[in-house]
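Dropping the structure in here first, questions after.
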Amino acid sequence: MGEKPNASMVEEILSVYPEKAKKLRAKHIVVKEEGSTCAIKSNIKCIPGLMTARGCAYAGAKGVVWGPLRDMIHISHGPVGCGYYSWGGRRNLTSGKLGVETFSLMQFTSDFSEGDIVYGGDKKLAKVLKEAKELFPTVQGFSICSECPVGLIGDDIESVARNMTKELELPIVPVRCEGFRGISQSLGHHIANDAVRDHLLGKRERPEEVGPYDVSLIGDYNIGGDVWASKKILEEMGLRVRNVWTGDGTTEGMMAAHQVKLNLIHCYRSMNYICRHMEETYGIPWLEFNFFGPSKIKESIRKIAAQFDETIQQKGEEVIAKYDPLMQKVLDQYRPRLEGKRVMLYVGGLRPRHTIGAYEDLGMEVVGTGYEFAHKDDYDRTFPQMKEGTVIYDDATEHELDEFVNRIRPDLVGSGIKEKYVFEKMGVPFRQMHSWDYSGPYHGYDGFPIFARDMDMAINSPARGLTQAPWKKDKEVR
Ligand code: SF4
């Protein structure tokens, strides 16, 4: 059992930094105590050289929002690196035949060379668009995801997109998501949302009337099939999911997304912008929900059903009644193996709070959590969920994470690939909470049994008892 987080622990951990960095970082870490408020600094640029886990606006726009749209080609516009490193790295699954109905798993880049920096890349971009349309005639549209140099050399991708939209008769969306903009992935989400608003949304009308139960599923990127698990619940409730933003989503779905009755948003951080816009412009209300773990799913089903008539409310109760016994079975199997285990999380902009309920369903306790790129409104939603004595960290550096984990010694850490092997070597069980460690889905009733199994597998693996050589174990030292 490790130490309990407190203010002096935080001070000690930060003491290795130069004075200025120490002062700045202190504002990003809070230990929840009686009467303490959520006064944590967030959405501020990181301090150079401290090994942030953050990414850039391109990662937020291309990697998160645009990339999962399956029937568009997303061009990584600039040198080869950003597209190459983000190629297939995020597990946003799509349906359809690769290269015909879905292009998400492919990497398209304009592969800038020095000449493009000197003379500009606009001509090359037009050529790339034409070539891609020729080679993949079934493509439904393009996004042009700008990498750093594009904004610096003064290229006019908007005008290329305008001209090529006419020539190719396809929506072509310029996205100004150069990595130097903003301070994390977060601005990339916002830029991507605005690009959807300006270039896709409302541009197509479906022939049929909007049905009373038509909804959009917003901010679910189908990691390991999450969208499919969530959609299943909504459809069993009697709702009609007209489109998903953007996991396994389609261009047409995005264009006609103004024709629904309600927007259901899972990832608030990445898509609240477009929900607010649709509310202001089309009067579509939106609702946050949480499909991690049976308690939150049940709560969410009732919250969603309450927006509709008795038919849906009745069906919602039927869905709960159908899955309750199945969930109980999962709890009976895994809860005794996980009860009382302590977890520390460090993820992006939603899961550090949204997965807490699922851990608690299994009798586990989240003793530390934090976000790479959350804003104040995310922390406002997180703070009330945390118990006293929990440590909350914003844009944590690798040094801080190492120290926290080493001192608190949780039974499980849930974070990203950059953290995984550090903690595995420290002997602390680890689950990737971005990629689901190549497992999933974790959303919905289909996801929870997998989530429970995976956490059990990590914590109770027999390998855990073998991390120290027998001759180094205290009791065996003679
Ligand atoms: S910061 Fe710039 S160069 Fe780096 S990944 Fe982002 S867009 Fe690419």
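Atoms considered below: every heavy atom in the structure, side chains included; atoms not considered: hydrogens, waters and symmetry mates. Just follow the structure's listing: the first ligand is 1, and inside any ligand the first atom is 1. One-based numbering along the sequence shown.
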Check each of C148, P149, S146 against atom 1 (S) of ligand 1 and report the one with the nearest heavy atom.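 Shortest heavy-atom distance from atom 1 (S) of ligand 1: C148.
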Going by the order shown, which atoms of ligand 1 are within less than 4.0 Å of some heavy atom of C56?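 The atoms of ligand 1 under 4.0 Å from a heavy atom of C56 are 1 (S), 5 (S), 6 (Fe), 7 (S).
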Given the side-chain rings of H443 and F448, with only the six-membered ring counted for Trp, is the space between their centroids under 6.0 Å?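 No, the ring of H443 stays outside the 6.0 Å limit from the ring of F448, centre to centre.
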Has R453 got its NZ or CZ under 6.0 Å from the middle of the six-membered ring of W436, at an angle within 45 degrees of the ring axis? no
Quick check with a 6.0 Å cut-off and a 45 degree axis cone: is K32 positioned over the face of F383's six-membered ring? yes
Please check if any side-chain donor atom of D437 sits under 3.5 Å from a side-chain acceptor atom of Q432, or the reverse.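 On atom types as modelled, these side chains qualify, holding a pair under 3.5 Å.
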For atom 6 (Fe) of ligand 1, is there a protein heavy atom at a distance under 4.0 Å?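 It does; a protein heavy atom is within 4.0 Å.
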Given C82, G179, A61, which has its nearest heavy atom closest to atom 3 (S) of ligand 1?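 It is C82 that holds the nearest heavy atom.
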